[in-house]
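Taking it in order: structure first as structure tokens, then the write-up.
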Amino acid sequence: MTARGGSISGPVLVSDRISNLSGQELIMRQLSLFDDLSTELAMLVPRTKSVMNQMAARSGLSRDEILDRMNQIAKDAGISLSRGNAKSLTLATLEKWLNPANSEHVPSLMAVNVFCQAIKTVAPLEVSLHLHDCEVLTPEDALYRDYGKAIKAEREARKRKKRLELEL
């Protein structure tokens with residue numbers, strides 16, 4: 001169940017850097033001497049492309065099948081995955097996107113999302129989420145999170161009730 005009472009049908013993004021509108025304090029992780037945002041940003045594209053390459057290999061699909069799926073998703077959505085006048089993505093471009101050493105050909109955010117849909121994984125998106133101290137939760141993970149929050153709220157309510165009873 002979500003906070004609004006509906007069920008969770010897919011991954012949920014969470015962060016430990018959340019500040020809500022009720023004024024809760026921003027929670028930050030402590031950086032070590034080895035954390036360097038500049039390095040993390042510089043490695044974002046090669047890491048994303050590397051994960052895309054690994055996920056393509058693990059998908060059980062050929063590159064042609066991945067290409068066909070991506071082109072079909074793009075066609076159905078009315079979007080273009082490549083720049084210029086090309087109506088569809090080519091195998092050559094896909095291969096360049098999946099090559100971490102090729103820094104000249106970078107897939108767009110849209111292309112990465114279509115790739116994820118085509119092979120049914122969110123792993124390439126997790127690379128970007130890592131920069132923001134976020135991770136993907138499965139529906140089961142979210143259920144355990146919500147259950148834990150409910151237990152904590154119940155304990156706090158019991159403590160408040162005891163304090164009120166003492167005041168009576």
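Linking Ile, Leu, Val, Met, Phe, Trp and Tyr residues whenever their side-chain heavy atoms come within less than 4.5 Å leaves L109 and V127 in two separate clusters. Hydrophobic clustering (ILVMFWY, side-chain heavy atoms < 4.5 Å, transitive): L143 and Y147 are in distinct clusters. Linking Ile, Leu, Val, Met, Phe, Trp and Tyr whenever their side-chain heavy atoms come within less than 4.5 Å leaves M52 and M43 in two separate clusters. Transitive grouping of hydrophobic side chains (ILVMFWY, heavy atoms separated by less than 4.5 Å) keeps I151 and L137 in distinct clusters. Note: the hydrophobic cluster containing V112 also contains L44 (ILVMFWY, side chain heavy atoms under 4.5 Å, direct or indirect links).
Heavy-atom minimum distance, L98 versus F115: CD2-CE1, 3.9 Å. In plain terms, the two heavy atoms of L89 and L67 that are nearest each other are O-CD1, 3.2 Å. Taking both residues in full, the closest heavy atoms of I66 and S59 are given as CD1-OG, 4.0 Å, listed atom of the first, atom of the second, then distance. Across M55 and P124, no two heavy atoms sit closer than the pair CG-CD, 4.4 Å. Counting all heavy atoms, side chain and backbone alike, S50 lies closest to P100 at CA-CG, 3.6 Å. Closest approach of L129 and E135 over heavy atoms only: CD1-C, 4.5 Å.
To the nearest 0.5 Å, the span separating NZ on K161 from CD on E154 amounts to 11.0 Å. A distance of 12.0 Å separates CZ of R160 from CD of E165, quoted to the nearest 0.5 Å. Residue L81 holds its CG atom at 5.0 Å from CE of M70, rounded to the nearest 0.5 Å. To the nearest 0.5 Å, atom NZ of residue K159 and atom CG of residue L164 are 14.5 Å apart. For the atom pair CG of L91 and CZ of R63, the computed distance is 8.5 Å after rounding to the nearest 0.5 Å. The structure places NZ of K87 at 13.0 Å from CG of N71, a figure rounded to the nearest 0.5 Å.
Residues K149 and Y144 have side chains not in contact (no heavy-atom distance under 4.5 Å, counting atoms from C-beta outward). Contact check for S82 versus T90: no side-chain heavy atoms found under the 4.5 Å cut-off. When side chains are defined from C-beta on, V114 counts as touching I79, because their heavy atoms get closer than 4.5 Å. N53 is not listed as a side-chain neighbour of N99, based on a closest heavy-atom distance of 4.5 Å or more. The side-chain heavy atoms of H105 and T93, taken from C-beta on, include no pair separated by under 4.5 Å.
Taking a 6.0 Å sphere around CZ of R158, one finds it holds more than 12 heavy atoms contributed by other residues, nucleotides or ligands.
Checked for salt-bridge contact, E104 and K96 miss the test: no charged N lies under 4.0 Å from a carboxylate O.
Side chain of E65 to main chain of S62: a donor-acceptor pair is present (N/O by atom type, distance under 3.5 Å, no hydrogens or angles). Remark: side-chain polar atoms of K49 are not paired, donor with acceptor, to backbone N or O of A101 under 3.5 angstrom.
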Worksheet item: Would R69 and I119 satisfy side-chain contact (heavy atoms from CB on, under 4.5 Å), going step by step from the backbone distance to the final call?
Response: CA-CA 8 Å; R69 285 182 178 197; I119 67 167; 5.7 Å; no
Item to complete: List the steps, then state whether side-chain hydrogen bond (donor to acceptor under 3.5 Å, both in side chains) holds for N113 with Q117.
Response: CA-CA 6 Å; N113 278 276; Q117 287 293 318; over 6 Å; no
